[in-house]
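Have a look at the structure below, then the notes.
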Amino acid sequence: MNQQPEIDRLADLVAASKYMVALTGAGISTESGLPDFRSPGTGLWERVDPMEVLSAEALQFRPEVFYTQGLDLLGAFREVSPNPAHKALGRLEEAGILKAVITQNIDSLHQQAGSRKVIEVHGNLRDATCTQCFRKYPFAEIKSQVKRGIIPPKCSCGGIIRPDVVLFGDPMPPAFQEAVTEASKSDLMLVIGSSLQVVPAAYLPRLAGQLAIVNLEPTPYDAAAAVVIHGRAGEVMEALSAELEHRGVI
Ligand code: NAD
C-alpha cells in the first residue's frame with residue numbers, strides 16, 4: 001500500500017512543530033529482534049504472563065518465580081542493535097526538532113541510536129538497586145548471583161538486589177513526572193510502536209497538542225490523531241527521514 005500521502009502529512013506536521021516529543025513502546029524495537037508483549041503469535045504475553053512473573057508481588061512473596069521465570073523473560077532482551085526507527089529519532093533530535101523521547105522500553109536502544117534526552121518511564125536493564133540500603137549495582141550482578149544459586153540476590157548489607165525496571169504493581173518512578181512535563185509542553189507527539197493500553201503511560205497522549213501515530217495495529221487514540229500510519233516503524237521512519245531530508249528540514 002502506498003503510504004506516501006500519510007508520510008507527506010506527517011512530514012508537514014514535523015516540519016511545522018515547535019516542540020515535538022516522541023512516545024515509544026515495545027513495537028519500535030521488534031524490528032531489532034525483541035518481541036513485544038501483545039503482538040499475536042510473537043508477543044511475550046503468549047508464552048508466560050509478565051504480570052504474574054514480573055510483578056512487585058512476585059518479587060516480594062515468590063522470589064524463586066521472579067528470579068527464575070521473570071529473569072528469563074528479561075533475559076529475552078539480549079544484546080541487539082537499534083533499527084532505522086531508533087536512528088531516525090536520534091537524527092531528529094540532532095537536527096533540533098525532537099526535544100525528548102519518552103519510552104516505555106527498557107532496552108536502551110534509543111541511547112544506542114544517539115538520542116540524548118531519553119525519559120525511561122518503565123526503568124532500564126542497565127542497573128539494579130538494593131531494596132534496603134539503596135546501593136547501586138550493574139544489572140549483571142543479579143544474573144551472576146542467580147547463576148550461582150543465590151536467590152534472591154543479596155547486597156553486602158544483607159538486603160535484596162532488584163532490577164531497576166518498573167514491575168507490575170510498582171509505583172511510577174520520578175521520570176514519569178518529567179514525561180508529563182514534556183508531553184504537556186509538546187505541540188506534536190509522535191507515538192511509535194505502542195498499543196497505548198498500558199496506563200499511566202497511555203494517558204500521556206492526552207497532554208500533547210497534536211498527535212501522530214505509527215503502529216502496526218489500531219490504538220484507542222487513532223480517532224484523535226492528526227495522522228495515523230499503520231505500518232512497520234523502521235520502514236515508516238526511514239521514509240519520513242528521506243522526506244524531511246528531501247525538504248531540507250534535517
Ligand atoms: P505493547 O506490546 O503493548 O504494544 C506494542 C505495539 O507495537 C502493538 O500495538 C503492535 O501492533 C505494535 N508493533 C509491533 N511491531 C511493530 C512494528 N515493527 N512497527 C510498528 N508497530 C509495531 O507494547 P507497549 O505499549 O510498549 O507496552 C508494553 C509494556 O511492555 C511496556 O510498558 C514496556 O515496558 C514493556 N516491554 C518493553 C520491551 C522493550 O523494552 N523492548 C519489550 C516488551 C515489553
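Whatever order the structure lists ligands and atoms in, that order sets their numbers, starting from 1.
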Do [X] and [Y] pair up side chain to side chain, a donor and an acceptor below 3.5 Å, judged on atom types alone?
{"X": "His110", "Y": "Asn105", "answer": "no"}
{"X": "Asp187", "Y": "Ser17", "answer": "no"}
{"X": "Gln111", "Y": "Glu120", "answer": "yes"}
{"X": "Ser81", "Y": "Gln112", "answer": "no"}
{"X": "Thr30", "Y": "Arg232", "answer": "no"}

Would you tell me which option among [options] has the nearest heavy-atom contact to [atom]?
{"atom": "atom 37 (C) of ligand 1", "options": "Leu54, Asn105, Ile229, Val121", "result": "Asn105"}
{"atom": "atom 36 (N) of ligand 1", "options": "Ser108, Gly27, Gly25, Ala26", "result": "Ala26"}
{"atom": "atom 8 (C) of ligand 1", "options": "Glu120, Glu217, Arg232, Glu31", "result": "Glu217"}
{"atom": "atom 41 (N) of ligand 1", "options": "Thr103, Thr219, Asp107, Asn124", "result": "Asp107"}

Give the atoms of ligand 1, by number and element, whose distance to some non-hydrogen atom of [X] is under 4.0 Å.
{"X": "Gly193", "value": "5 (C), 6 (C), 7 (O), 21 (N)"}
{"X": "Val198", "value": "27 (O), 28 (C)"}
{"X": "Ser29", "value": "41 (N)"}

> Which of these passes side chain to side chain contact (heavy atoms under 4.5 Å, CB included) with Ile28: Leu34, Thr103, Leu89?
Replying inline: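 It is Leu89, the one option of Leu34, Thr103, Leu89 that forms the side chain to side chain contact (heavy atoms under 4.5 Å, CB included) with Ile28.
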> With only distance considered, is Ile106 within less than 3.5 Å of ligand 1 through an N or O on each side?
Replying inline: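 There is such a contact, yes.
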>> Below 3.5 Å, N or O to N or O, backbone or side chain included: is there any such pair between Pro35 and ligand 1?
In response: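 By distance alone, the answer is no.
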> When you measure from the side chain of Ser241 to the backbone N and O of Met237, does any donor-acceptor pair fall under 3.5 Å?
Replying inline: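 Between the backbone of Met237 and the side chain of Ser241 there is a qualifying donor-acceptor contact (under 3.5 Å).
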>> Looking at ligand 1, would Gly231 count as a contact under a 4.0 Å heavy-atom criterion?
In response: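 A heavy atom of Gly231 does come that close to ligand 1.
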